[in-house]
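Below, each value reflects all heavy atoms present in this structure, side chains not excepted, and no hydrogens, waters or symmetry copies. The first residue in the sequence is number 1, and the count goes up from there. Counting starts at 1 for both ligands and their atoms, in listed order.
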Amino acid sequence: MTPRLLRLGPTTRPAAHFLTGEELSADRLAGLLDRALELKAGPLASRVLVGRTVALMFERPSTRTRVSFETGVHELGGHPLVLRSGEMQLSRGESIRDTALVLSRHVAAIGIRTGPDEVVRELAANATVPVINMLTAAHHPCQALADLLTLREAFGRLDGLVLAYVGDGNNVARSLAILGALAGVEVRVAAPDGYQLDPVAGAVLTDDPLAAARGADALYTDVWVSMSDSDDEADARRRALAPYRLDQALLDAAKPSAVALHCLPAHPGEEITEAVLYGDRQRIWDQAENRRHAQKALLELLVAGTD
Ligand code: CP
């Protein structure tokens with residue numbers, strides 16, 4: 001089923017969703033990031049969710065996403081309702097369609113972390129409240145919002161920046177490519193054969209991490225073995241991705257002002273060195289905090305239609 005596109009306005013209109021980031025225009029993304037900075041400066045400035053509940057469905061583990069959504073909904077005056085799939089009737093065969101219809105009668109928005117993107121699309125197609133993708137196999141758009149917010153803070157602008165992602169061309173890389181393009185950021189993805197991102201949103205694809213890093217404003221990496229990858233393929237992944245480690249030499253190839261980013265959780269010594277992870281040039285812990293500020297601005301936009 002095709003989800004409805006982002007449309008804002010009276011509640012009689014179809015719900016707006018945030019599934020891939022492609023629902024946003026460049027202007028709306030810029031406005032959302034402006035608003036996120038305001039909410040970071042004044043965490044209790046918006047009470048848009050007073051008396052309202054946001055369902056947060058987790059079919060996969062999470063630290064940052066759960067904590068940032070729970071605290072963010074609370075700061076907006078609402079109640080975050082965490083639903084683990086094993087505790088829902090979904091685990092006993094109730095359909096996504098029926099789950100969407102029931103949740104829509106109770107909550108102002110639904111966040112979902114799951115595997116297949118089809119699940120999120122089906123939820124959105126049947127929900128009458130906004131659905132937010134909190135991570136799927138192919139997309140992690142909430143992470144990309146926080147990443148762009150972090151770059152805005154670090155450089156005071158986004159247009160014209162170059163971000164080089166090195167490592168597994170995964171859901172995080174895809175969302176960076178989609179939302180980075182909207183923001184005017186050149187996204188380069190360096191990955192080995194078999195781990196390359198599919199062509200998306202004008203991202204520059206290469207297998208050469210040094211070439212990607214040269215002249216970049218930001219270097220970004222993610223774990224080599226994600227929660228969706230099997231133990232059997234872990235060793236092969238580590239071997240293939242070893243040349244793509246984010247270390248000091250790679251940072252030295254980027255601009256002197258370049259920053260290091262990682263969506264976390266990190267495995268120091270694998271995809272990133274400990275020196276870079278905790279060093280002077282990282283903005284990684286800002287990224288983790290910015291999940292909350294960016295998602296609060298997103299919730300405002302989706303639930304209240306606030307620009
Ligand atoms: N980056 C991220 O999504 O972290 P969690 O898996 O801990 O939510």
Side-chain angles (χ1 to χ4, degrees), residues 18-21 33 36 40 54-75 80-86 109-117 119-120 131-151 153 163 165-180 187 189 197 218-230 234 237 241 246 259-268 270-272 276-278 282-299:
F18 186 67
L19 309 189
T20 66
L33 296 176
K40 186 168 184 174
V54 174
L56 303 170
M57 293 172 61
F58 285 96
E59 297 191 324
R60 297 281 190 280
S62 167
T63 296
R64 278 143 292 273
T65 304
R66 176 173 174 181
V67 171
S68 58
F69 264 105
E70 274 207 62
T71 53
V73 169
H74 175 72
E75 286 182 357
L81 177 64
V82 172
L83 300 167
R84 292 176 199 81
S85 57
I110 304 167
I112 178 168
R113 167 169 289 205
T114 185
D117 284 74
V119 169
V120 180
V131 171
I132 297 171
N133 181 346
M134 301 195 298
L135 182 143
T136 51
H139 297 277
H140 199 358
C142 291
Q143 180 65 53
L145 290 180
D147 302 336
L148 293 175
L149 183 61
T150 306
L151 289 174
E153 286 183 312
L163 181 149
Y165 176 99
V166 291
D168 185 16
N170 60 12
N171 51 357
V172 170
R174 184 174 293 101
S175 290
L176 280 168
I178 291 170
L179 283 151
V187 176
V189 178
L197 184 66
L219 301 189
Y220 195 123
T221 192
D222 188 11
V223 292
W224 290 342
V225 183
S226 298
M227 51 191 156
S228 56
D229 299 320
S230 72
R237 286 184 148 269
L241 291 161
L246 206 179
V259 298
L261 302 176
H262 192 310
C263 56
L264 301 174
H267 293 81
E270 287 197 11
E271 78 279 357
I272 190 167
V276 173
L277 178 62
Y278 302 108
Q282 61 75 23
R283 295 290 183 276
I284 293 166
W285 312 103
D286 290 341
Q287 269 180 284
E289 176 186 337
N290 284 338
R291 291 291 305 273
R292 174 163 46 94
H293 310 301
Q295 289 156 191
K296 284 172 66 182
L298 177 68
L299 282 164

message: Between Asp117 and Thr136, do the side chains contain a donor N or O and an acceptor N or O under 3.5 Å apart?
response: yes

message: Just to verify, what does Thr63 make a side-chain contact (heavy atoms from CB on, under 4.5 Å) with, not counting sequence neighbours?
response: none

- prompt: Who's touching ligand 1 if we go heavy atoms under 4.0 Å?
  reply: Ser62, Thr63, Arg64, Thr65, Arg113, His140, Gln143, Cys263, Leu264, Arg291

- prompt: So, Glu153 and Arg283, do they make that salt bridge, N to O below 4.0 Å?
  reply: no

query: Ala260 and Val276: which non-hydrogen atoms are nearest, and at how many Å?
result: CB-CG1, 3.6 Å

field: Passing option when Ser68 is tested against Glu289, His293, Gln295 for side-chain hydrogen bond (donor to acceptor under 3.5 Å, both in side chains)
entry: Gln295

Exam field: side chain Arg60 to backbone Arg113, donor-acceptor pair closer than 3.5 Å: no

